[in-house]
K.L.:
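Have a look at this one.
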Amino acid sequence: MRKKNKKPVVAGYSSCTNPNKSGGSPNFSGQHFLHNKRAVRDLIETAKITKKDVIIEIGAGLGAITLPLAEKARIVIAFENDAAYVQKLIGKVEGESNIKIVHGDFMRGYLPREPFCVVSNIPFSITTPILRKLLDDPSTPLQRAAIILEKGAAKRFTSSVVTNPQLLSWRMRYDMELVQTLPPGYFSPPPKVECCILSIRRKACPEVPCRFGALFTGLAEYGLRNPKLPFGGAFSTVFTPPQLKHLASSLGIDRDKPVYALNEREWGVIFHTMLDHVPSYRWPKTSHSQKRKRD
């Protein structure tokens, strides 16, 4: 049984949000609040929450997800940028010792240094920036996430065809799965598109260790510069012709296979072959490192 505090813990920083205007905050725009209790349960169950877990919720609103989360987790850090919702949320969670309300924009907030999970019905308008904040840095200790987002975005993140090197880098470290569709009527206001629950789980044994994250991103950016190129052509300046022939044979693929159709295992083999058999001066660099070198 959780201990009760008289007042919830509230943290925050300066916010330009006007609670009377829905368009004043990037954390509010695109927000559709979930009110279906069964969907809330399904969302939380997807994340496999335990009493040891630290949970981040992005866009807590009036606490429809926050309070059920607190029953399962060690602590819930609930971000809410709208002052009016924060005041109402404070009243709802009063007495809950394991809920910390952060009044501010999640995109400007700090992530925990200890392992954490995310369970959120996120603002759809900033889906990609949120995922970048959570997934770009291989050292971020995110373990699992269950996120509600537009179904179209979830299909892109889970597609077998990957043309975006950033997404490929995420999927080398995390398994992504579209779990279930949620109809518009589960939300207020109802969105104009179907939504779904996306599961994100850190791989126990990633194909590329986290310490090689930047090196792999360089290879991914180079290989996917033209996603329709055949495997052999995409890596012709990285590997020698004999190396390409041997690599295609060991992967069991045709050299004409388009690079966008390579899966995470195949990318892992290509990367480790590069590390083991290609001189480092021929390794592709990330666009970020190239820009920094020019500067």
Side-chain angles (χ1 to χ4, degrees), residues 7-34 43 47 53-66 69-70 73-90 92-93 96 98-150 153 157 166-167 169-170 173-174 198 200 202 210 213-214 217 286-288 291-292:
K7 293 184 179 180
V9 178
V10 182
Y13 37 84
S14 176
S15 172
C16 62
T17 304
N18 181 343
N20 297 315
K21 293 183 180 180
S22 62
S25 161
N27 198 39
F28 183 91
S29 176
Q31 186 77 355
H32 300 272
F33 294 105
L34 182 66
L43 177 68
D53 288 325
V54 174
I55 308 298
I56 286 181
E57 184 188 6
I58 305 162
L62 297 178
I65 300 172
T66 314
L69 265 178
R74 174 161 66 90
I75 186 169
V76 177
I77 304 170
F79 282 84
E80 178 50 57
N81 200 29
D82 190 285
Y85 285 121
V86 168
Q87 291 305 310
K88 293 178 181 179
L89 189 58
I90 289 171
K92 284 195 171 187
V93 306
E96 302 296 332
N98 64 335
I99 297 176
K100 177 182 178 181
I101 301 169
V102 180
H103 178 199
D105 181 2
F106 169 74
M107 295 304 299
R108 294 171 53 200
Y110 295 101
L111 297 176
R113 294 182 179 179
E114 62 183 311
F116 69 95
C117 304
V118 173
V119 180
S120 295
N121 171 29
I122 64 175
F124 297 163
S125 63
I126 54 171
T127 294
T128 299
I130 286 174
L131 291 183
R132 285 175 179 161
K133 183 178 177 74
L134 293 172
L135 303 177
D136 268 1
D137 185 350
S139 67
T140 299
L142 174 68
Q143 303 301 303
R144 301 181 304 282
I147 296 174
I148 293 176
L149 71 170
E150 292 181 347
F157 296 142
Q166 182 180 56
L167 174 57
S169 295
W170 296 348
R173 300 190 298 272
Y174 293 92
L198 177 71
I200 302 174
R202 181 181 287 272
C210 290
T217 298
T286 65
S287 56
H288 176 71
K291 180 179 183 300
R292 186 171 52 189

K.L.:
Any side-chain heavy atom of Gln166 sitting closer than 4.5 Å to one from Arg132?
P.N.:
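A side-chain contact exists here, since the closest heavy-atom pair is under 4.5 Å.
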K.L.:
Any idea which heavy atoms bring Ile55 and Ala73 closest together, and the distance?
P.N.:
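Nearest pair, atom of Ile55 first, then Ala73: CG1-CB, 3.4 Å.
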K.L.:
Would you say the side chain of Ile130 lies within less than 4.5 Å of the side chain of Met107, judging by non-hydrogen atoms?
P.N.:
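Yes, their side chains come closer than 4.5 Å.
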K.L.:
Are the side chains of Asp136 and Trp170 in contact, using a 4.5 Å heavy-atom criterion?
P.N.:
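Yes. Closest side-chain heavy atoms under 4.5 Å.
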K.L.:
Is there a side-chain contact between Leu111 and Lys133 in this structure, where contact means two heavy atoms from C-beta onward sitting under 4.5 Å apart?
P.N.:
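Yes, their side chains come closer than 4.5 Å.
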K.L.:
I'd like to know if the side chain of Gln143 and the backbone of Cys117 have a donor-acceptor N/O pair within less than 3.5 Å.
P.N.:
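No, the answer is negative, given that no donor and acceptor are paired below the 3.5 Å cut-off.
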K.L.:
Would you call Ile56 and Phe106 a side-chain contact if the rule is heavy atoms closer than 4.5 Å?
P.N.:
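Counting from C-beta outward, Ile56 and Phe106 do come under 4.5 Å.
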K.L.:
Run the side-chain contact (heavy atoms from CB on, under 4.5 Å) check on Ile122 and Ile148 step by step: do they pass?
P.N.:
CA-CA 6 Å; Ile122 64 175; Ile148 293 176; over 6 Å; no
K.L.:
Search all heavy atoms of Ile77 against all heavy atoms of Pro112 and return the closest pair with its distance.
P.N.:
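Where Ile77 meets Pro112 most closely, the heavy atoms are CD1-CG, 4.3 Å.
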K.L.:
Hey, are the side chains of Phe157 and Leu149 touching, using non-hydrogen atoms and a 4.5 Å cut-off?
P.N.:
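Result yes, sub-4.5 Å side-chain heavy-atom pair found.
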K.L.:
Compute the centroid of each ring, for Tyr85 and then for Phe33, and state whether the two points are separated by less than 6.0 Å.
P.N.:
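Judged by ring-centre distance (under 6.0 Å), Tyr85 and Phe33 do meet the cut-off.
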K.L.:
Judged by atom type as modelled, is there a donor-acceptor pair below 3.5 Å linking the side chain of Asn81 to the main-chain atoms of Asp105?
P.N.:
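Flag set: sc Asn81 to bb Asp105 pair under 3.5 Å.
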K.L.:
Run the side-chain contact (heavy atoms from CB on, under 4.5 Å) test on Ile101 and Ile90 for me, step by step, so that the C-alpha distance in whole Å, both residues' side-chain angles and the decisive distance to 0.1 Å come before the verdict.
P.N.:
CA-CA 8 Å; Ile101 301 169; Ile90 289 171; 3.8 Å; yes
K.L.:
Provide the closest heavy-atom pair for Thr140 versus Leu134 in the form atom of the first, atom of the second, distance.
P.N.:
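Where Thr140 meets Leu134 most closely, the heavy atoms are CG2-O, 3.7 Å.
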K.L.:
Any donor and acceptor pair, going by atom type alone, linking the side chain of Glu80 with main-chain N or O of Val86 inside 3.5 Å?
P.N.:
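Judged by distance alone, no pair lies under 3.5 Å.
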K.L.:
Output, in order, the C-alpha distance, side-chain angles, deciding distance and verdict of side-chain contact (heavy atoms from CB on, under 4.5 Å) for Ile147 and Thr127.
P.N.:
CA-CA 10 Å; Ile147 296 174; Thr127 294; over 6 Å; no
K.L.:
What pair of heavy atoms forms the shortest contact from Ile126 to Pro129, and how long is it?
P.N.:
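Shortest heavy-atom contact: O-CD, 3.3 Å.
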K.L.:
Would the distance check show the side chain of Arg202 and the main-chain N or O of Leu142 forming a donor-acceptor pair, the cut-off being under 3.5 Å?
P.N.:
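Such a contact is found between Arg202 side chain and Leu142 backbone.
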K.L.:
Report yes if the side chains of Arg173 and Cys210 come closer than 4.5 Å at any heavy-atom pair, otherwise no.
P.N.:
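Yes, their side chains come closer than 4.5 Å.
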K.L.:
Determine whether a donor-acceptor pair (N or O, by modelled atom type, separation under 3.5 Å) exists between the side chain of Arg74 and the backbone of Asp53.
P.N.:
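No: the side chain of Arg74 does not pair with the backbone of Asp53.
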K.L.:
How close do Leu89 and Leu62 get, counting heavy atoms only, and between which atoms?
P.N.:
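In this case the closest contact between Leu89 and Leu62 is CD1-C, 3.7 Å.
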K.L.:
Test side-chain contact (heavy atoms from CB on, under 4.5 Å) on Phe124 and His32; report intermediate values, then the result.
P.N.:
CA-CA 8 Å; Phe124 297 163; His32 300 272; 3.7 Å; yes
K.L.:
Any salt bridge between Lys100 and Glu57, counting N to O under 4.0 Å?
P.N.:
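The answer is no: the pair does not qualify as a salt bridge.
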K.L.:
Nearest heavy-atom pair of Pro115 and Val54: which atoms, and what distance?
P.N.:
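Closest approach of Pro115 to Val54, heavy atoms only: O-CB, 4.0 Å.
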K.L.:
Going by heavy atoms in the side chains, are Tyr174 and Leu135 under 4.5 Å from each other?
P.N.:
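Side-chain contact under 4.5 Å: yes.
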